[in-house]
S.K.: 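Structure below; questions to follow.
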Amino acid sequence: MTTATPPSTTAKGAPSTRRTLIGTGIGNAVEWYDWAIYATFAPYFAAQLFSNTDPTSAILSTLAIFAVGFVARPFGGFIFGWIGDRIGRKSSMTLAVGLAALGSLLIGISPTFGAVGAWASLLLLVARLIQGLAHGGELPSSQTYLSEMAPREKRGLWSTLIYTSGTVGILGGTLLGAVLSGVLSKADMAAWGWRIPFLIGAAFGLYALIMRARLKETDAFEHETVQERHEPMWPQIVRHRRQALQVIGLTVGLTVSYYIWGVVAPTYASTTLGMDRGEALWASSIALVVFIAVLPLWGRAADRFGRKPIMWASALGAAAMHYPMIWLLRDSPWQLTVSMSVMLFFIAGSAAIVPAVYAELFPTKIRTVGVGVPYSICVAVFGGTAPYLQQWLTGIGSAGLFNLYSVALLVVSAVVVLSVPETKGKDLSH
């Protein structure tokens with residue numbers, strides 16, 4: 001993967017390719033780490049940043065802000081998409097990772113509810129909105145950049161870097177949570193230990209910003225004329241509304257399943273099923289390693305057989321296995337490991353290649369914002385609310401409704417796949 005030379009590499013070839021992959025991957029990993037550690041450490045800081053008189057209410061309030069952070073993502077998708085299509089993919093990616101690091105820093109140094117009252121909750125909300133803007137811009141920017149830099153015959157494989165690096169970031173936060181919960185007492189974790197991952201995220205964000213500033217711009221963007229870059233944006237979005245709706249349809253099942261099984265599953269297992277927090281985090285880490293391992297396999301398959309059969313098998317496979325894995329999941333770490341691994345295996349099929357598929361649906365002059373806006377809206381409406389909805393419905397004894405909801409959205413994505421043209425090997429230079 002580090003030896004292929006994309007059309008836009010310099011004469012140095014491999015070093016330019018490595019810089020592209022490392023710069024994109026590290027920044028994306030930091031963004032996802034920053035985004036996911038919120039859910040991982042929510043049980044520890046909920047009572048610190050909200051009133052601790054009602055622990056259940058504090059957790060729900062924390063998850064509500066997790067969902068509110070997604071509200072900013074469509075705005076981030078538009079703002080950073082506009083930057084990516086007007087100023088450059090590289091500039092958009094660099095600004096996004098810097099803003100995400102700022103959000104983590106604010107959470108890491110936030111005063112407690114006991115010290116400043118509701119101001120602590122407000123600062124958490126502001127920090128999460130900042131991260132929402134950044135993450136809403138990160139994915140479309142990095143997906144577009146990587147897809148345009150990749151050789152067309154290996155674009156499916158290269159696109160797996162997005163979820164590979166992102167999941168590495170999530171895995172890093174999960175492992176850090178497992179280590180800290182084993183080394184520190186529950187009292188220390190609640191008092192100050194939860195701040196450590198956010199401060200680490202801020203530091204790595206600064207490093208990623210420097211790495212991305214050294215990247216080169218894509219040829220596809222540089223070959224555009226000034227007139228093309230300054231065409232009115234909204235008429236182009238309206239003109240490509242069919243593609244925008246296809247992005248939403250392809251994303252809706254993936255985002256809910258991924259957040260439930262790949263991000264908040266250990267939190268759900270510990271807070272709802274009574275599993276030991278440390279054991280749940282270790283079980284989740286194993287499942288995430290499985291996810292990372294199968295992503296390139298799906299990517300290679302998509303480059304060989306096409307995008308549509310892979311996405312279709314992924315959505316239907318995840319839908320078929322959802323109920324068996326819910327039935328398996330109880331209060332044992334091995335059950336969490338197996339259920340997460342099985343679901344993430346199928347989710348990986350779509351996750352591996354949707355960055356390439358999204359980029360292949362739009363022309364160069366609207367590629368970043370064309371993906372960013374509908375994708376961010378979908379993730380905000382469905383992905384951001386999934387953890388809260390799961391927690392709330394489970395709490396009132398209606399977990400079955402949430403399971404039906406998850407499966408139905410996966411079926412919707414499978415149906416939408418049928419409407420998408422096969423984009424394997426498409427030229428992205430126009």
Side-chain angles (χ1 to χ4, degrees), residues 24 27-28 31-32 70 72-93 95-96 132-150 155-156 158-163 165-166 218 220-221 224 228-229 231 233-255 258 302 307 311 350-384 413 416-417 419-421 423 426-430:
T24 306
N28 195 55
E31 283 264 8
W32 287 46
F70 282 82
R73 290 183 64 155
F75 298 98
F78 179 78
I79 293 170
F80 286 92
W82 183 91
I83 294 172
D85 288 332
R86 292 293 182 266
I87 302 174
R89 288 43 163 142
K90 169 187 166 181
S91 298
S92 181
M93 292 165 58
L95 289 172
L133 285 172
H135 207 64
E138 163 65 18
L139 278 174
S141 300
S142 60
Q143 288 174 358
T144 300
Y145 180 84
L146 191 65
S147 296
E148 291 181 351
M149 292 294 285
R155 193 179 295 135
W158 275 48
S159 74
T160 65
L161 178 65
I162 298 299
Y163 271 85
S165 60
T218 71
F221 176 80
E224 277 197 307
E228 287 175 323
R229 294 181 189 175
E231 287 186 23
M233 187 72 69
W234 282 111
Q236 295 183 69
I237 293 176
V238 173
R239 191 157 56 246
H240 293 89
R241 58 188 178 276
R242 175 181 172 84
Q243 290 90 333
L245 290 173
Q246 288 172 332
V247 168
I248 292 174
L250 295 175
T251 303
V252 66
L254 172 65
T255 188
Y258 182 78
R307 318 302 192 213
M311 291 190 295
S350 292
I353 62 171
V354 287
V357 174
Y358 294 156
E360 290 162 348
L361 287 174
F362 293 89
T364 302
K365 58 188 176 183
I366 195 180
R367 185 165 291 140
T368 312
V369 74
V371 173
V373 173
Y375 177 84
S376 298
I377 290 174
C378 182
V379 173
V381 173
F382 295 97
S413 291
V416 172
V417 169
S419 73
V420 176
T423 55
K426 182 179 179 181
D427 181 9
L428 297 185
S429 62
H430 59 273

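All figures in this text were calculated on a predicted structure; none of them were measured in a lab. Throughout, residue positions are numbered sequentially from 1 according to the sequence presented.
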S.K.: Can you give me the closest heavy-atom contact between N28 and G166, atom names plus distance?
M.R.: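 Reported closest heavy-atom pair: ND2-N, 3.5 Å.
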S.K.: Dump the intermediate steps for side chain to side chain contact (heavy atoms under 4.5 Å, CB included) on I87 and W82, then the final yes or no.
M.R.: CA-CA 8 Å; I87 302 174; W82 183 91; 4.1 Å; yes
S.K.: With sequence neighbours excluded, what pairs up with A244 under the side chain to side chain contact (heavy atoms under 4.5 Å, CB included) test?
M.R.: P374
S.K.: Evaluate R367 against T364 for side chain to side chain contact (heavy atoms under 4.5 Å, CB included), listing each step before the verdict.
M.R.: CA-CA 5 Å; R367 185 165 291 140; T364 302; 3.3 Å; yes
S.K.: Please report the shortest heavy-atom distance between G137 and S92, naming the atom on each side.
M.R.: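 Where G137 meets S92 most closely, the heavy atoms are O-OG, 4.4 Å.
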S.K.: V417: what forms a side chain to side chain contact (heavy atoms under 4.5 Å, CB included) with it, not counting sequence neighbours?
M.R.: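 If we apply the side chain to side chain contact (heavy atoms under 4.5 Å, CB included) test to V417, skipping adjacent residues, the hits are L250, K308, M311, W312.
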S.K.: Would you say the side chain of L361 lies within less than 4.5 Å of the side chain of H240, judging by non-hydrogen atoms?
M.R.: no
S.K.: Side chains of R73 and L139: does their closest heavy-atom pair fall under 4.5 Å?
M.R.: yes
S.K.: Mark yes or no for whether R86, through its side chain, and I83, through its backbone, hold a donor-acceptor pair below 3.5 Å.
M.R.: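 Side chain of R86 to backbone of I83: no pair is present.
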S.K.: Could you measure the distance from the OG1 atom of T160 to the CD1 atom of I353? Nearest 0.5 Å is fine.
M.R.: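 Answer rounded to 0.5 Å: 10.5 Å.
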S.K.: Name all residues meeting the side chain to side chain donor-acceptor pair (under 3.5 Å) criterion together with T423; count only those two or more places apart in sequence or in a different chain, and write none if there are none.
M.R.: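 Per chain and number, T423 pairs via side chain to side chain donor-acceptor pair (under 3.5 Å) with E360.
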S.K.: Return the minimal non-hydrogen interatomic distance between R242 and S419, and the atom names on each side.
M.R.: NH2-O, 3.4 Å
S.K.: Grab the two heavy atoms, one from P355 and one from S147, that are nearest each other, plus how far apart they are.
M.R.: O-OG, 3.4 Å
S.K.: Write down the atom of G249, the atom of V252, and the distance for their closest heavy-atom approach.
M.R.: O-CG1, 3.4 Å
S.K.: Do S159 and Q143 have side chains that get closer than 4.5 Å, going by heavy atoms?
M.R.: no
S.K.: Run the side chain to side chain donor-acceptor pair (under 3.5 Å) test against Y358 and tell me which residues pass, sequence neighbours left out.
M.R.: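 Here the qualifying residues are T251.
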S.K.: What's the spacing between Q246 CD and S413 OG if we round to 0.5 Å?
M.R.: 12.0 Å
S.K.: Start with the C-alpha gap between E148 and R155, add the side-chain angles, then the distance that decides, and say whether side chain to side chain contact (heavy atoms under 4.5 Å, CB included) holds.
M.R.: CA-CA 9 Å; E148 291 181 351; R155 193 179 295 135; over 6 Å; no
S.K.: Quick one: list whatever passes salt bridge (charged side-chain N to carboxylate O under 4.0 Å, His left out) with E31, sequence neighbours left out.
M.R.: none
S.K.: Can you tell me how far the CZ atom of F80 sits from the OG atom of S376, to the nearest 0.5 Å?
M.R.: 11.0 Å
S.K.: Which residue in the set T144, T24, T368 passes side-chain hydrogen bond (donor to acceptor under 3.5 Å, both in side chains) when paired with R89?
M.R.: T368
S.K.: Measure across G77 and V373 and return the closest heavy-atom pair with its distance rounded to 0.1 Å.
M.R.: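 The pair with the smallest heavy-atom distance is C-CG2, 4.3 Å.
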S.K.: According to ring-ring contact (aromatic ring centres under 6.0 Å, His included), who are the partners of Y163, at least two apart in sequence or on a separate chain?
M.R.: W32, Y258
